[in-house]
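Note sheet for the following structure.
By convention in this document, chain letters (A, B, ...) are assigned in the order of the sequence lines, proteins followed by strands, and residues within each chain are numbered from 1.
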Amino acid sequence: MAKKQHKTDLLDQLEDGPWPSFVTGLKRLATDEGKPYAGMMTDLLGQLEHSYETRTGYWKGGTVSVYGYGGGIIPRFSEVADKFPESKEFHTLRVQPPAGMHYSTDLLRQMCDIWERHGSGLIALHGQSGDIMFQGATTENVQKAFDELNEVGFDLGGAGPALRTSMSCVGHARCEQSCYDEVRAHRTIINNFLDEMHRPALPYKFKFKFSGCPNDCVNAIHRSDFAVIGTWRDDMQVDQEEVKNYVAKVGRKYMIDHVIANCPTRSLSLNDDDTMDVDNKNCVRCMHCINVMTKALSPGKDRGVTILIGGKRSLKIGDLMGTVIVPFMRLETDEDFEKLTEFAETVIDFFAENALEHERVGETIDRIGLSNFLEAVGVEVDPNMVNHPRTSSYLRTDDWDEEAQKWFRRKAEKRAAKQAASQAAE
Amino acid sequence: MAKKQHKTDLLDQLEDGPWPSFVTGLKRLATDEGKPYAGMMTDLLGQLEHSYETRTGYWKGGTVSVYGYGGGIIPRFSEVADKFPESKEFHTLRVQPPAGMHYSTDLLRQMCDIWERHGSGLIALHGQSGDIMFQGATTENVQKAFDELNEVGFDLGGAGPALRTSMSCVGHARCEQSCYDEVRAHRTIINNFLDEMHRPALPYKFKFKFSGCPNDCVNAIHRSDFAVIGTWRDDMQVDQEEVKNYVAKVGRKYMIDHVIANCPTRSLSLNDDDTMDVDNKNCVRCMHCINVMTKALSPGKDRGVTILIGGKRSLKIGDLMGTVIVPFMRLETDEDFEKLTEFAETVIDFFAENALEHERVGETIDRIGLSNFLEAVGVEVDPNMVNHPRTSSYLRTDDWDEEAQKWFRRKAEKRAAKQAASQAAE
Amino acid sequence: MSEAVQPRRPNETGVMDPFPHMHPLLKKNYGDWKWHDRLRPGVLHHVAHGGDEVWTVRAGTQRQMDVHTIRLLCDIADEYAERHVRFTSRSNIEFMVSSEAQVAPLIEKLEAEGFPVGGTGNSVSMISHTQGWLHCDIPGTDGSGAAKALMDQLYYEFTHEEMPNRVRITTSCCQINCGGQGDIAINVQYAKPPKINHDLIANVCERPAVIARCPVAAIRPAMVNGKPSLEVDEKKCICCGACYPPCPPMQINGPDSTKLAIWVGGKHSNARSKPTFHKLVMAGLPNNPPRWPEVAEVVKTILYAYKENARDWERMGEWIERIGWPRFFELTDLPFTKHHLDDWHGARASLNASAHIHF
Amino acid sequence: MSEAVQPRRPNETGVMDPFPHMHPLLKKNYGDWKWHDRLRPGVLHHVAHGGDEVWTVRAGTQRQMDVHTIRLLCDIADEYAERHVRFTSRSNIEFMVSSEAQVAPLIEKLEAEGFPVGGTGNSVSMISHTQGWLHCDIPGTDGSGAAKALMDQLYYEFTHEEMPNRVRITTSCCQINCGGQGDIAINVQYAKPPKINHDLIANVCERPAVIARCPVAAIRPAMVNGKPSLEVDEKKCICCGACYPPCPPMQINGPDSTKLAIWVGGKHSNARSKPTFHKLVMAGLPNNPPRWPEVAEVVKTILYAYKENARDWERMGEWIERIGWPRFFELTDLPFTKHHLDDWHGARASLNASAHIHF
Ligand code: SRM
Ligand code: SRM
Ligand code: SRM
Ligand code: SRM
Ligand code: SF4
Ligand code: SF4
Ligand code: SF4
Ligand code: SF4
Ligand code: SF4
Ligand code: SF4
Ligand code: SF4
Ligand code: SF4
């Protein structure tokens with residue numbers, strides 16, 4: 001017969017209300033007649049209630065891993081196992097989902113079956129870094145659960161000082177704004193660095209995130225060390241008839257106040273005939289007007305990505321957003337994807353060799369200065385990396401001319417390349 | 001007969017060209033038959049040419065002052081007096097002009113006559129801090145020149161670690177945007193602190209500047225420690241007929257692109273009948289639309305000033321702009337002006353007591369933090385002082401509730417005061 | 001004997017290929033979508049260049065799901081949709097269908113089973129939350145519980161699109177902030193420096209490592225009753241909590257001292273304005289499970305001030321930028337204190353160095 | 001005997017009362033002006049609420065004037081205007097007259113005497129400049145000469161209003177920058193750390209004071225051939241020049257090493273955007289008196305790029321903000337180098353943390 005349930009007066013209150021209740025789910029598991037996890041979940045509920053009563057957490061870390069890997073498991077041992085013995089081990093397996101988080105119901109059912117056999121029956125879809133979190137395995141079962149998941153085609157994600165699980169937006173799969181193949185980029189990059197993920201040996205965590213356009217639906221700029229954001233170089237595509245339809249629908253005043261006046265670079269101008277001029281040279285690809293007029297406007301056709309490096313959260317020096325390091329990189333041909341991979345490699349190598357222990361790459365850049373970072377990763381300085389040039393006059397400039405020459409040389413080379421190309425075209 | 005002139009091949013080139021030439025002026029003085037300054041100016045030209053040839057300056061400082069004052073003179077002794085003996089002493093008297101730099105021709109002629117007798121005949125109108133600079137007196141003549149200028153009603157300005165000469169814009173005298181009596185504010189404040197100006201005893205220089213509106217025609221926010229900027233609290237004055245006239249003149253598209261879309265807070269909205277809505281609650285008094293449509297728009301009627309503290313130039317910690325310390329202060333009645341004076345006194349006392357040697361008040365605020373400064377000068381913290389609240393979570397908050405109470409208490413008091421006022425009005 | 005069998009080597013398969021699991025229409029039109037609109041809250045309608053159309057129904061989940069809930073969602077997908085789903089970056093589930101006719105019955109079924117349909121467009125989507133007491137080793141509060149408590153109150157705003165623009169709420173159960181930035185963020189805020197449990201230090205802590213972790217060098221080695229331990233200079237300590245993960249004896253959490261703070265105006269998108277960090281507006285709120293009513297009050301006050309006053313397309317932070325912070329504190333009746341003045345590196349950039357004043 | 005007479009005590013009269021010297025119409029309508037417009041470059045027309053009108057003619061001067069020039073201006077004011085003038089905050093002179101009829105003859109006279117009429121509205125007004133070799137004790141170049149050389153080249157732009165908005169140019173003859181911020185600023189930029197003249201130190205310098213003046217603590221006490229002196233850590237030194245005024249032996253200027261830098265986008269007004277600092281765009285320009293041709297070239301390039309490309313009312317910095325820095329460096333053909341990346345306190349705020357890119 002079922003194990004006696006702990007009193008959970010506080011948690012019970014979280015079963016009320018219209019939103020789906022995780023407590024109800026936990027209880028279902030705790031009372032699952034004859035299931036291996038029922039006892040564990042009963043005590044887990046007990047410990048959680050105890051945390052709610054005492055407003056204190058009772059887990060401590062440790063080391064648990066699967067054969068052949070160093071990371072991917074978040075070990076949890078209870079500090080109140082005396083009271084709640086069956087949940088004394090409650091480890092989480094971080095597992096990478098299909099890129100873009102697409103699932104056939106078959107796949108989901110397989111996950112459930114495996115986790116019912118070897119785990120707690122509790123699965124989080126998904127963690128903030130994009131992992132499927134299989135939460136609640138005993139030390140002994142971790143390997144079993146992994147083996148079966150791995151057989152189905154799943155691999156562990158990242159934890160500790162390692163490459164972390166990545167996320168890519170739905171993008172190409174179901175979004176007209178998408179400027180590159182997110183699935184391909186996501187899988188190409190991560191699968192190229194699996195060793196860094198499975199065998200933590202970096203100074204600290206390193207995250208990639210992939211958004212198909214500047215709307216950044218996976219929060220890449222704030223929340224990843226290496227953000228890949230889709231964009232375009234040519235003119236956006238405009239269907240003036242649809243523009244007129246839109247103006248007709250919302251009215252001129254609304255159009256002016258909500259679209260025209262909202263362009264960050266005043267690149268939009270409403271004509272008296274209700275068509276709209278777009279100053280594409282000064283459009284910064286913010287997406288606003290395109291977002292508002294999905295039928296009338298779309299990104300241009302010469303597409304690629306902008307790469308920002310150094311985003312992270314609050315620890316140690318405070319929140320950082322990524323800084324533009326590569327203003328534009330095409331991402332269509334195999335060579336393009338190789339280029340991206342090579343660059344990612346360069347950055348990770350730099351990070352591995354130069355970051356202090358427990359330092360994120362953004363902190364490293366902060367410490368050594370952007371120009372040293374650029375030199376180290378072999379990227380030429382570009383005005384798109386800054387909001388504006390220096391306002392401080394504290395600067396030693398006796399090598400000004402050499403530095404200026406570098407710029408002029410690069411410009412000349414670009415010009416030459418352009419000419420060559422155009423001649424070849426003739 | 002006139003003293004032999006030095007060769008001035010380089011300076012001579014500055015006599016060409018359409019712009020009035022100071023060199024021609026210097027030469028006129030150098031060749032002024034029988035004038036006391038002719039010899040001095042001849043050698044001054046010689047030294048200046050020498051500087052042009054060698055690209056090196058040849059003045060050094062020293063100490064020269066007038067009886068009763070410690071400051072106001074910029075002493076200059078030549079390092080090349082052997083070559084150019086008569087300009088070996090070439091001191092500048094910094095003299096405060098009439099507020100707003102208004103002159104009757106009589107006054108200007110008196111200045112010239114005095115300076116012809118005791119000085120070099122060279123006068124700069126005006127220095128970047130707003131002084132009349134009588135440039136080029138011997139140590140012996142400094143006192144004579146000052147005595148005569150002082151008799152006419154002029155007083156010395158500031159130099160060294162002292163209160164400096166101030167500037168106020170033309171404002172009330174000839175500008176429809178002026179929101180307070182700049183002349184009165186300028187004279188009230190400076191004349192109240194003359195001791196700080198004439199007897200340098202502050203940690204470092206301290207400058208006031210007065211602009212009648214946010215156009216800030218005397219660069220107060222960047223270039224003064226204490227900037228007084230005119231503004232208004234109520235709605236701006238709008239003449240819709242003139243708005244229509246303006247739209248008729250420039251066209252809707254121009255109006256939208258250059259006025260509506262230029263409002264920093266999108267507070268302007270063009271109506272289909274070519275009148276314009278102004279969202280006064282969100283207008284930040286930037287002045288743009290008023291500047292563009294001088295006939296149609298004017299500042300509101302409930303006028304006063306915003307005070308920013310801490311502006312300065314590049315030395316030591318880099319350029320600083322003033323920070324808003326008093327978002328609004330009425331400046332009409334005698335009491336209002338007393339309030340301003342009292343506040344200025346508080347700030348100067350704080351500066352005198354707390355700034356390190358050679359530290360500007362902006363640097364002090366930087367060093368001790370804004371909230372400590374506010375406490376020291378008895379100003380309550382206000383959201384208008386910041387672009388936005390903190391983004392950093394590094395903060396000790398165990399006194400949060402007391403701090404919050406202060407705010408609520410103030411709000412309650414304000415509300416009470418308002419009610420009392422309105423009841424009194426009944 | 002089984003003891004002898006050698007352990008299985010992992011197949012380092014990496015990120016799983018999504019195409020075998022992707023809805024057929026999404027696979028077919030991969031990279032070829034033309035435009036989209038929304039039929040109603042929770043329903044997206046995407047049209048491909050080729051003319052194909054797909055309808056997506058989005059529903060909220062508890063994220064932390066038991067296998068039964070997941071199987072129930074699969075049953076629904078099999079019967080009312082087309083055996084394919086996806087999850088969003090905010091742990092909502094999406095069902096794709098190839099005809100509009102399927103939308104209504106699907107929605108009906110989802111709602112019948114207790115899954116709210118919404119989270120699209122200008123709604124309040126699911127709160128992105130973190131582990132907390134359920135699983136983390138350094139939490140100041142709970143994650144899933146706080147999210148559930150709040151979403152119960154924001155149910156209407158999830159299922160309706162009545163906000164000026166999307167609203168993204170996040171919670172973080174310690175000051176590390178796994179939850180990320182948000183239009184509204186509810187984060188643990190340590191109120192005071194860590195109390196050190198000296199008995200533990202010696203055994204569990206690698207002292208030099210902990211000392212190195214402190215951003216302001218407030219931690220020093222010290223001998224405490226004969227044992228090597230650490231001490232914290234309270235004058236220097238900025239209560240960041242960085243020392244706690246590597247050294248649990250650095251007890252920064254207290255059942256009563258750990259408070260909650262509310263931040264607003266975080267933004268990830270590049271639409272109109274550049275991405276921004278959220279800003280502190282309220283702190284010192286009690287950590288009051290299971291429903292954190294004081295927090296919910298403040299969140300709703302802010303949310304409804306935004307709903308009533310902001311213009312279409314303005315995100316929370318953009319709205320406040322326009323109306324000004326004085327007005328924000330007035331509308332929400334929250335206190336503005338010296339603690340709102342930033343004092344971390346680069347704080348000067350947050351000062352108002354202009355005559356732009358909001359009256 | 002005169003020796004015995006006791007020296008005169010100053011009347012501490014302070015700021016002189018302007019009203020006795022103010023044009024009668026300005027005095028009469030003090031604080032009562034209604035609107036204004038501009039008849040032509042250099043001419044302002046202000047109308048008072050009461051209906052009074054005043055015309056102002058603005059002319060350029062050399063600022064550093066000999067008494068003859070000042071008297072000439074007085075003669076003109078007496079004969080062609082109304083015995084009252086004022087000087088602007090950029091050392092232009094303004095003649096006020098009470099009838100439009102007086103404007104033309106006044107202008108004619110001024111131009112005949114070589115005073116350019118202009119500086120109003122969207123023109124390039126007089127360069128605000130400083131002392132330099134003429135009078136300062138720490139200059140790297142000259143002030144008046146540089147201003148004269150440049151204004152000769154900008155004469156047309158002073159006398160015409162063909163710029164998108166006003167252009168304010170400043171020069172500073174050392175890195176202290178008395179000249180202030182500008183739409184375009186031409187400032188001395190020290191290229192390398194100070195060379196110390198050890199023989200002088202001992203006598204003239206108060207060494208602790210000098211050491212205290214250095215923002216990066218790069219100056220240390222040192223014994224140099226037996227005498228107490230100072231030394232500079234060149235790795236640390238940021239070439240700011242702060243040590244030079246208090247200690248002339250800290251020779252930071254060199255006839256060849258002292259260079260000129262060009263900065264753009266400084267703004268004092270609060271119109272539209274908040275006030276801004278100017279930004280470095282070019283450095284390493286030779287200090288080449290008497291006409292600094294290399295500097296003039298760059299200034300004109302920038303000025304004409306602005307003139308051709310900016311929109312009405314856009315100030316230099318606002319224009320660049322809109323078109324983006326990449327375009328600015330493209331249009332002006334100036335180099336962008338690692339030196340353009342800020343590295344002083346708060347530099348992070350100058351980095352582009354967004355996907356806003358100018359292509
Ligand atoms: C599970 C998860 C929260 C969740 O419930 O979703 C989580 C949980 C933890 N995070 Fe996190 N972080 C999680 C996403 C994030 C994110 C969001 C993201 O990746 O987009 C961030 C902000 C972005 C970033 O990387 O900065 C984040 C920033 C941190 C930090 C601060 C890092 C920093 O440099 O500021 C720490 C502390 C550390 O690493 O020492 C941390 C540490 C932790 C630890 C390992 C606490 C610890 O040090 O022991 C937590 C383990 C909880 C547990 O028992 O499972 N977690 N953490 C998320 C990972 C699930 C997944 O793999 O999908
Ligand atoms: C004369 C003048 C330039 C001019 O030709 O117009 C000038 C000249 C000098 N300034 Fe200045 N400053 C002059 C206006 C300014 C301004 C502009 C302003 O006041 O609006 C500034 C920028 C605003 C500010 O106050 O920061 C200015 C910022 C400085 C500084 C830097 C202060 C700082 O904290 O960054 C110094 C250096 C110092 O004070 O140690 C300085 C120092 C000097 C000294 C005294 C150099 C020295 O330390 O010996 C110069 C004396 C030159 C001479 O021989 O006469 N001067 N100085 C201006 C004063 C004339 C007058 O009284 O009207
Ligand atoms: C499904 C999802 C991507 C995914 O791979 O899972 C997604 C999907 C879409 N996003 Fe997003 N966004 C998704 C998370 C985000 C996030 C990240 C987040 O919420 O954590 C952001 C950044 C939010 C922020 O700035 O903090 C985000 C910022 C946007 C924006 C920018 C809105 C703005 O004005 O700032 C748009 C543009 C728009 O709404 O038209 C957008 C637009 C869209 C569109 C309309 C794109 C398209 O044409 O299909 C998609 C439907 C939006 C809708 O819900 O109506 N999406 N979108 C994510 C759904 C999350 C959810 O369940 O609520
Ligand atoms: C006379 C003077 C004030 C004084 O007390 O001497 C003055 C007078 C006027 N200014 Fe000014 N400004 C004067 C220096 C300034 C300065 C300071 C400076 O140049 O050093 C500024 C700040 C410049 C900056 O931002 O760096 C200044 C920024 C403005 C603005 C803001 C323009 C903008 O869009 O940013 C206006 C508004 C406008 O032009 O309509 C303005 C407007 C005006 C108006 C139109 C005010 C009025 O209604 O009468 C005056 C005639 C302007 C004209 O020239 O057409 N005034 N004005 C100064 C003449 C200087 C000169 O000779 O060139
Ligand atoms: S980031 Fe852009 S491409 Fe990706 S889903 Fe969001 S809107 Fe679509
Ligand atoms: S995408 Fe953004 S920047 Fe570009 S035109 Fe549209 S609104 Fe302006
Ligand atoms: S600052 Fe304002 S009031 Fe003063 S002159 Fe300029 S525009 Fe007029
Ligand atoms: S003054 Fe400035 S902020 Fe106010 S409405 Fe006019 S343009 Fe907008
Ligand atoms: S926010 Fe803190 S407590 Fe919550 S999961 Fe992340 S690390 Fe753990
Ligand atoms: S809380 Fe932060 S600041 Fe305080 S001691 Fe720990 S690491 Fe240092
Ligand atoms: S800028 Fe420097 S050199 Fe020029 S006057 Fe000012 S202090 Fe002297
Ligand atoms: S130049 Fe500046 S940084 Fe260098 S030694 Fe002198 S004061 Fe220090």
Side-chain angles (χ1 to χ4, degrees), chain B residues 211 213-214 216 221-222 227 229-234 264-267 280-287 306 308 310-311 320-324 327-328 366 369-371 374-375 381-401 403-408 411, chain C residues 175 177 187 189-193 215-216 234 237-240 257 259 261 263-266 276-284 311 317 320-330 333-345 347-359:
Chain B
S211 281
C213 83
D216 196 2
I221 293 175
H222 278 281
I229 312 284
T231 189
W232 67 96
R233 262 188 312 194
D234 57 342
T265 50
R266 299 192 296 121
S267 301
N280 281 284
K281 254 217 146 330
N282 297 322
C283 160
V284 288
R285 283 57 174 159
C286 88
M287 293 299 294
T306 297
L308 297 90
L320 303 179
M321 291 188 226
T323 299
V324 171
F328 186 85
D366 227 55
L370 180 57
S371 68
L374 292 176
E375 205 174 317
V381 64
D382 183 287
N384 268 314
M385 297 170 179
V386 296
N387 295 329
H388 56 74
R390 65 165 52 242
T391 56
S392 166
S393 59
Y394 302 161
L395 171 67
R396 177 173 183 163
T397 48
D398 46 2
D399 65 344
W400 180 270
D401 293 340
E403 290 303 322
Q405 278 322 310
K406 291 184 190 167
W407 171 265
F408 291 124
K411 266 181 92 167
Chain C
Q175 225 169 286
N177 292 331
N187 301 344
Q189 186 73 33
Y190 307 124
K192 42 167 74 119
V216 293
E234 297 214 351
C237 174
I238 51 174
C239 308
C240 74
S257 69
K259 302 290 186 186
W263 303 68
V264 306
T276 52
F277 292 121
H278 50 222
K279 292 96 190 165
L280 178 74
V281 291
M282 185 64 188
R311 295 189 187 157
I320 301 172
E321 260 305 301
R322 178 173 60 78
I323 67 162
W325 289 95
R327 191 93 198 289
F328 172 84
F329 284 97
E330 184 187 309
D333 199 27
L334 294 172
F336 185 81
T337 72
K338 70 178 190 186
H339 291 316
H340 289 87
L341 303 178
D342 209 336
D343 50 10
W344 189 238
H345 306 315
R348 180 160 269 277
S350 73
L351 300 181
N352 183 8
S354 79
H356 287 201
I357 305 289
H358 277 91
F359 290 108

**Request:** Mind listing the closest non-hydrogen atom pair of C/Phe336 and B/Pro389 along with its distance?
**Result:** CE1-CG, 4.4 Å

If we only count heavy atoms from C-beta on, is the [X] to [Y] side-chain gap below 4.5 Å?
X        : Y        : answer
C/Leu351 : B/Leu370 : yes
B/Thr231 : C/Ile357 : no
C/Gln189 : B/Thr397 : yes

Which answer fits [X], side chain, backbone, both or neither, if we ask what part of it has an atom under 4.5 Å from a heavy atom of chain B?
X        : result
C/Ala349 : backbone
C/Tyr190 : backbone
C/Asn187 : neither

Atom [atom1] of [X] and atom [atom2] of [Y]: how far apart are they, to the nearest 0.5 Å?
X        : Y        : atom1 : atom2 : value
C/Trp263 : B/Ser393 : CH2   : OG    : 5.0 Å
B/Met321 : C/Arg348 : CE    : CZ    : 9.5 Å
B/Arg285 : C/His358 : CZ    : NE2   : 9.0 Å
C/Leu334 : B/Phe408 : CG    : CZ    : 7.0 Å
C/Asp343 : B/Ser392 : CG    : OG    : 7.0 Å
C/Ser257 : B/Asp398 : OG    : CG    : 9.0 Å

Which atoms of [X] approach chain C - backbone, side chain, both or neither, heavy atom under 4.5 Å:
X        : value
B/Thr323 : both
B/Lys406 : neither
B/Thr391 : both
B/Ile229 : side chain
B/Cys283 : backbone

**Asked** So, C/Asp342 versus B/His388: side-chain donor-acceptor pair below 3.5 Å or not?
**Response**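 No.
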
**Request:** May I ask you to name which of B/Leu308, B/Asp234, B/Thr306 has the most heavy-atom pairs under 4.5 Å with chain C?
**Result:**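 With the most close heavy-atom pairs to chain C, the winner is B/Leu308.
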
**Complete:** With chain C, the option among B/Ile221, B/Asp216, B/Asn280 that has the most non-hydrogen atom pairs under 4.5 Å is B/Ile221

**Prompt:** Could you go step by step and tell me if B/Asn384 and C/His356 meet the side chain to side chain donor-acceptor pair (under 3.5 Å) rule?
**Reply:** CA-CA 8 Å; B/Asn384 268 314; C/His356 287 201; over 6 Å; no

**Message:** Run C/His340 and B/Trp400 through ring pair (Phe, Tyr, Trp, His ring centres under 6.0 Å) and show every step you take.
**Reply:** CA-CA 10 Å; C/His340 289 87; B/Trp400 180 270; 5.3 Å; yes

**Prompt:** Does B/Lys411 come within less than 4.0 Å of C/Glu330, counting only side-chain N to carboxylate O?
**Reply:**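 Looking at B/Lys411 and C/Glu330, the cut-off is not met.
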
**Asked** Got a donor-acceptor contact below 3.5 angstrom from the B/Arg390 side chain to the C/Leu341 backbone?
**Response**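 Yes, B/Arg390 side chain to C/Leu341 backbone: donor-acceptor pair under 3.5 Å.
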
**Request:** Apply side chain to side chain contact (heavy atoms under 4.5 Å, CB included) to C/Glu234 and B/Arg396, showing your working.
**Result:** CA-CA 10 Å; C/Glu234 297 214 351; B/Arg396 177 173 183 163; 3.3 Å; yes

**Fill in**
If you tally heavy-atom pairs under 4.5 Å between each of C/His278, C/Lys259, C/Arg327, C/Glu321 and chain B, the highest tally belongs to C/Arg327

